[in-house]
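A short write-up of the structure that comes next.
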Amino acid sequence: MKRTPLFNKHVSLGAKMVPFAGFEMPVQYSGLTEEHFAVREKAGLFDVSHMGQFFIEGPGAKDLLQYVATNNADALKDGKAQYTCLTNENGGIVDDLIVYKIADEKYFVVVNASNIDKDWNHISNHNTFGAIMTNASDEMSLLAIQGPKATEILQKLTPVQLQNLPYYHFTIGEVAGVQDVIISNTGYTGSGGFEIYFKNEDAEKLWDELMSAGEEFGMLPCGLGARDTLRLEKGFCLYGNDLDDNTTPLEAGLGWITKFDKDFVAKDILEKQKSEGVTKKLTGFEMQEKAIPRNGYPVVDAEGKTIGKVTSGTMSPMKKTGIGLAYLDTDFTKVGTEIFIQIRNKNIPAQVVKPPFV
């Protein structure tokens with residue numbers, strides 16, 4: 001198993017470590033619910049250094065990104081970030097990712113930890129544009145400061161005026177005396193905040209400085225457990241659960257990042273799917289009885305016929321009810337539709353809702 005540069009820090013803080021995407025990662029420190037509410041109400045600090053980072057540069061950089069990713073890189077200005085996804089030859093999702101435009105011929109790409117090699121090979125295989133690719137995943141760390149107090153905490157440590165950095169924008173500046181930090185107004189919790197990217201050797205210093213700056217605001221170190229419940233309450237997809245090589249962006253509700261005004265891998269397949277309509281759709285639901293839906297649970301109709309399966313599910317700490325995402329036959333995706341989740345051979349009623357759940 002790989003370890004992030006902050007492994008010893010997590011252990012010293014009493015974190016419960018678990019294997020995730022080939023890394024030993026903290027799943028929780030003080031407890032999932034406490035960490036969840038810290039992020040919703042105050043702030044939380046996450047080590048997400050397991051994520052992958054590529055630089056794509058040179059005259060062919062934009063053309064390569066335009067071809068491998070579904071969103072339109074023409075919309076990117078310097079200092080702007082964009083959510084997008086890679087598609088395979090069948091229109092399935094290779095990964096979802098964020099592309100940052102640093103300059104006209106320099107882009108920074110952040111990919112999911114479990115897909116670093118897969119994404120690198122996929123993009124490389126399509127690099128007929130002469131773009132210069134650098135895999136910086138092993139040299140870079142990433143911390144996410146999330147929650148309503150995140151701006152105040154980070155502002156104590158940087159001369160960068162964070163209020164001038166809109167959502168999905170970034171800059172490169174100094175944090176706690178560390179130079180050349182990528183400071184990004186992005187995150188995966190739906191509670192606002194920033195993500196900072198920097199060299200591995202600065203990880204412990206930045207973690208300590210941020211924890212110290214956040215103490216007066218009640219900031220807590222947070223693990224993958226809270227990260228999952230936070231993202232699910234906001235209806236954010238998780239690769240490997242809600243997205244994979246056999247689901248298309250249109251089935252996953254990601255039509256908004258699929259731009260048909262340019263060429264990209266499997267564009268023809270997705271255009272056909274768009275005109276004909278999808279047969280299954282990623283759909284939000286809420287349990288109507290006390291029960292927790294889990295990945296892989298079958299979804300059935302009132303007659304007990306299988307109509308889909310759960311991809312993500314949890315007990316929402318905010319709502320105190322079971323919530324989830326499932327791929328369902330399109331006939332059952334209308335808001336208010338009654339469905340049933342099969343849990344230990346019992347059909348538990350649920351209702352289709354439109355995310356976010358909170």
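Just so you know, these numbers come straight off a predicted model, no measurement behind them.
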After noting the C-alpha distance and the side-chain angles of Glu289 and Lys346, does the key distance pass the salt bridge (Lys or Arg N to Asp or Glu O under 4.0 Å) rule? CA-CA 12 Å; Glu289 292 178 10; Lys346 283 189 183 162; over 6 Å; no
On a heavy-atom basis, the closest approach of Ile307 and Ile339 is CD1-CG2, 3.8 Å
Polar contact flag, side-chain donor to acceptor under 3.5 angstrom, Asn112-Ser114: no
- Message: Counting neighbours of CG on Asp261 that are heavy atoms of other residues, nucleotides or ligands and sit closer than 6.0 Å, is the number greater than 12?
- Response: yes
- Is there a donor-acceptor contact under 3.5 Å from the side chain of Arg231 to the main chain of Tyr188? no
Over 12 foreign heavy atoms within 6.0 Å of NZ, Lys2
no
What about the rings of Tyr197 and Phe108, do their centers lie closer together than 6.0 Å? yes
Note to self: Working note: Gln288 + Glu338, criterion side-chain hydrogen bond (donor to acceptor under 3.5 Å, both in side chains); need CA distance, chi angles, decisive distance, verdict.
What the structure shows: CA-CA 9 Å; Gln288 299 300 293; Glu338 186 180 48; over 6 Å; no
message = Under a plain distance cut-off of 3.5 Å, with no hydrogens placed, do Asn71 and Tyr83 share a side-chain donor-acceptor pair?
response = no
Lys/Arg N to Asp/Glu carboxylate O, Asp208 vs Lys9, below 4.0 Å: yes
Under 6.0 Å from the ring centre and within 45 degrees of the ring axis: does the NZ or CZ of Lys62 meet both conditions for the six-membered ring of Tyr107? no
Quiz question: by atom type and distance under 3.5 Å, do the side chains of Glu195 and Ser184 form a donor-acceptor pair? no
Review point. Do you see a donor-acceptor pair shorter than 3.5 Å between the side chains of Glu34 and Gln28?
Key: no
With a 3.5 Å cut-off and no angle check, do the side chains of Thr311 and Asn241 form a donor-acceptor pair? no
In this structure, OG1 of Thr283 is separated from NZ of Lys354 (nearest 0.5 Å) by 10.5 Å
* Indicate, with yes or no, if Ile182 and Tyr167 share a hydrophobic cluster defined by side-chain heavy-atom contacts under 4.5 Å among Ile, Leu, Val, Met, Phe, Trp and Tyr. => yes
Exercise. Is the closest side-chain heavy-atom distance between Thr248 and Ile93 below 4.5 Å?
Worked result: no
Item to check | Intermediate values then yes/no, ring pair (Phe, Tyr, Trp, His ring centres under 6.0 Å), Tyr67 and Phe264 | outcome: CA-CA 4 Å; Tyr67 187 64; Phe264 62 88; 8.3 Å; no
### Query
Is Val300 linked to Tyr327 within one hydrophobic cluster, defined over Ile, Leu, Val, Met, Phe, Trp and Tyr using a side-chain heavy-atom separation of less than 4.5 Å?
no
Shortest non-hydrogen pair, Ile292 vs Tyr297, comes out as O-CE2, 3.7 Å
| request: Assess the side chains of Thr189 and Ser191: does a donor N or O sit below 3.5 Å from an acceptor N or O? | output: no
request  = Could you tell me whether the side chain of Asn90 and the main chain of Asn246 form a donor-acceptor pair under 3.5 Å?
outcome  = no
